[in-house]
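To start, the structure itself, in structure tokens.
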Amino acid sequence: MNNVFVVADNITSPIGYTAAQNFEQVVKGNSGVKQHDDADRSPSPFYASLFSKDQFIANDNHTKFEQLLIASVADALKSCDVNATDKKTVLIISTTKGNISMLETAGDDPGLADRIALHTSAKIVAENFGFVNQPLIVSHACISGLVALITGLRLLQTGQYENAVVVGADVITRFVLSGFQSFQAISAAPCKPFDATRDGINLGEGAGTVILSSNPKYAGNIKLAGGSISNDANHISGPSKTGEELFYAIDAALKNAGLSPGEIDFISAHGTATAYNDEMEAKAINLAGMQNIPVNSLKGYYGHTLGASGLIEAIIAIHSLKQNTIIPTKGFNALGVTQPINVAALLVQTNLTNCLKTASGFGGCNAAIILTK
Amino acid sequence: MTDNLYITSYATITDNTIYGNGDAVFENRDTDTAEFLLSAYQFLEVKYPKFYKMDGLSKLGLLASEVLLKGHPFAERYKENEMGIVLTNANASLDADIKYFEGAKTVASPALFVYTLPNIVIGEISIKNKFKGENAFFVFEQFDAAFVHQYVAYLLNNNILQACICGWVDLLQENYKAVLFLVEKSENNISVPFTPDNMNNIYQFNKI
């Protein structure tokens, strides 16, 4: 099967409009998470990483969600020679809630179901850049971004396409925030992944794009070397009690990449800062025998960006590999999971070759990818 | 290029009728979608109380999977992580989204919110049948047999899965359709080759 390389990337977030800007901000320890008092989204103040109200304003042609997708893809395409209009290039979009805010703003419109549909947004974005193939859309809860990357990997490995533009985005609306609030899942302060005093998530807005190619001319680039997806088959809103199924995904992704657990230099975890998620991940990391490998969570910088999170966090991992820099887990102070894991608390500069990135989500889904230098 | 793969079972729910391998097994005219799904649950004797708390999309997908897997010895034949689910639809979870959104005008319900993701139907089928392997949910304007075929064939041909439920599960208010295929590596007495043409023919009710 073909090798698959990372050609270009972008992060569009409240802390920067390019991947380089974003990496610089997280190296400095800067976060997009702050307190918001916004009656349109919540009756009470909340912590989240949000764009200001004058950024990505919806217009007649493009919603905020579509503008985020377009801004992120445009920047990534600009920095490489992959051609969107090539019949060997496919667009893959990842999101959980897409244009759901239209329920709030256009609820009485009879054409609402068509305009809100994810395939409508996908068509709009594809036409904007002249993609000729039908765009693919992944909507698989919080692992959507990694499922989109894994889908791109497989389509390129088998030669179905040569290039994949993989983009994810989500917007934080009253709909999404009220749902997580109803679960009592939102922290009253900046989130603290893996910490003893962690008490929930912050949500975040953003978009991320990774352009993949099997063209051997990119052989010197970071490689997407493997990926795998599993299901807990346990509970639709609570993670596995044992971590076994995330471990299956980690184990299968490592085998797919031809690596052993000991060859991984750092883990970019999901680390949402809920009690159950972080505990489950610690168990899975132990089942994999990876408890001494540095692990970080980026939720303290971005919040949980839902369908964008897998992409944004994978892109930071790509830049970590390039810069030989492990980003610390913002918000972490003292280990608060029952299994020993090596949470990266301080910025570390060391030689890095291989990274494991994981994610888990509602519906009992888990995903893992391997990035190598 | 590939091993031989077969559709060893298929199930369709549309227009107030349930079909197993092309034969009508249950029909209940003159009811709305919610009543129809409940009557089908009772007729099929699923006896799974979690059904009552599910959203329409999950109910539709679960009932189709019950017909699809009826009498199949999958639990003896395969390990949990050798079985997976790949589903597609047009309206994602919009039906549940609208119900959650309307309810949240007074009080936001976590029991409704959890269904505002289309992959929850995969989670529900996985929980009932202990499927722990690969799973993915994709959105298309129309059923795309070619994409589902190539994605699922990759999973089986690379031994990532040994059996996969795949197909289309879409529900928005009174419009719904489910067409599920069980894909395996060995034939049985009713199997047909796993090809996009056979998938399309089954989806469109053509003779195969």
Residue pair A:M1, B:Y154: steps toward the side-chain contact (heavy atoms from CB on, under 4.5 Å) verdict: CA-CA 12 Å; A:M1 284 202 265; B:Y154 178 99; 3.9 Å; yes
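At a 4.5 Å heavy-atom cutoff, the contact between B:F131 and chain A is made by backbone atoms alone. Heavy atoms closer than 4.5 Å to chain B are found in the side chain of A:I116, but not in its backbone. For a residue to count as touching a neighbouring chain, one of its non-hydrogen atoms must lie under 4.5 Å from one of that chain's; by this rule A:I143 does not touch chain B. Contact of B:A90 with chain A is made through backbone and side chain together, with heavy-atom distances under 4.5 Å. Residue B:K105: no heavy atom, backbone or side chain, is found under 4.5 Å from chain A. With a 4.5 Å cut-off on non-hydrogen atoms, B:L155 touches chain A through its side chain but not through its backbone. Only the side chain of B:Q150 comes within less than 4.5 Å of a heavy atom of chain A; its backbone N, CA, C and O stay farther away. Residue A:E244: no heavy atom, backbone or side chain, is found under 4.5 Å from chain B. With a 4.5 angstrom heavy-atom cutoff, B:L112 does not touch chain A via any of its atoms. Within the 4.5 angstrom heavy-atom criterion, only side-chain atoms of A:T158, from C-beta onward, approach chain B. With a threshold of 4.5 angstrom between heavy atoms, A:Q184 does not approach chain B through any atom at all.
Between A:Y248 and B:E134 the shortest side-chain heavy-atom distance does not fall below 4.5 Å. A 4.5 Å side-chain heavy-atom check between A:F362 and B:N119 finds every atom pair outside the cut-off. Looking at B:V114 and A:F183, their side chains come closer than 4.5 Å, going by heavy atoms from C-beta outward. At a threshold of 4.5 Å between non-hydrogen side-chain atoms, the residues A:T151 and B:F138 count as touching. Residues A:V138 and B:F137 have side chains not in contact (no heavy-atom distance under 4.5 Å, counting atoms from C-beta outward). B:F140 has its side chain out of reach of A:L118: every pair of non-hydrogen atoms, C-beta onward, lies at least 4.5 Å apart. The side-chain heavy atoms of B:E141 and A:T120, taken from C-beta on, include no pair separated by under 4.5 Å. In this structure the side chain of A:F175 reaches within 4.5 angstrom of the side chain of B:D97, judged on heavy atoms.
A side-chain donor-acceptor contact under 3.5 Å links B:Y100 to the backbone of A:G179. In this structure, the side chain of B:K130 does not engage the main chain of A:N234 through any donor-acceptor pair within 3.5 Å. Checking side-chain atoms of B:N135 against main-chain N and O of A:N366 turns up no donor-acceptor pair under 3.5 Å. In this structure, B:K132 contributes its side chain and A:S230 its backbone to no donor-acceptor pair below 3.5 Å.
By the neighbour-count criterion of 12 heavy atoms within 6.0 Å, atom CG of B:D30 is sparsely surrounded, having that number or fewer from other residues, nucleotides or ligands. Other residues, nucleotides and ligands contribute more than 12 heavy atoms inside 6.0 Å of the NZ atom of B:K53. No more than 12 heavy-atom neighbours from other residues, nucleotides or ligands sit within 6.0 angstrom of OH on A:Y276. A 6.0 Å sphere centred on NZ of B:K128 holds more than 12 heavy atoms belonging to other residues, nucleotides or ligands. Shown here is B:E45, whose CD atom has no more than 12 heavy atoms of other residues, nucleotides or ligands within 6.0 Å.
Separating the CD atom in A:Q157 from the CG atom in B:N158 is a distance of 7.5 Å, to the nearest 0.5 Å. Atom CG of B:L94 sits about 11.0 Å away from atom CG of A:N99, to the nearest 0.5 Å. The distance from the CZ atom of B:F101 to the CD1 atom of A:I100 is 8.5 Å, given to the nearest 0.5 Å. Atom NZ of A:K97 is separated from atom OG of B:S93 by 3.5 Å, given to the nearest 0.5 angstrom. The structure places CG of A:D232 at 8.5 Å from CD1 of B:I127, a figure rounded to the nearest 0.5 Å. A distance of 12.5 Å separates CD1 of A:I229 from CD1 of B:I85, quoted to the nearest 0.5 Å.
Among A:A252, A:A233, A:G363, A:S228, the residue making the largest number of heavy-atom pairs under 4.5 Å with chain B is A:A233. Per-residue heavy-atom pair counts under 4.5 Å with chain B were compared for A:S178, A:S139, A:A117, A:G364, and the maximum is reached by A:S139. Heavy-atom pairs under 4.5 Å with chain A peak, among B:I160, B:N91, B:T116, at B:T116.
Scanning both residues, A:S182 and B:F113, for their nearest heavy atoms gives OG-CB, 4.5 Å.
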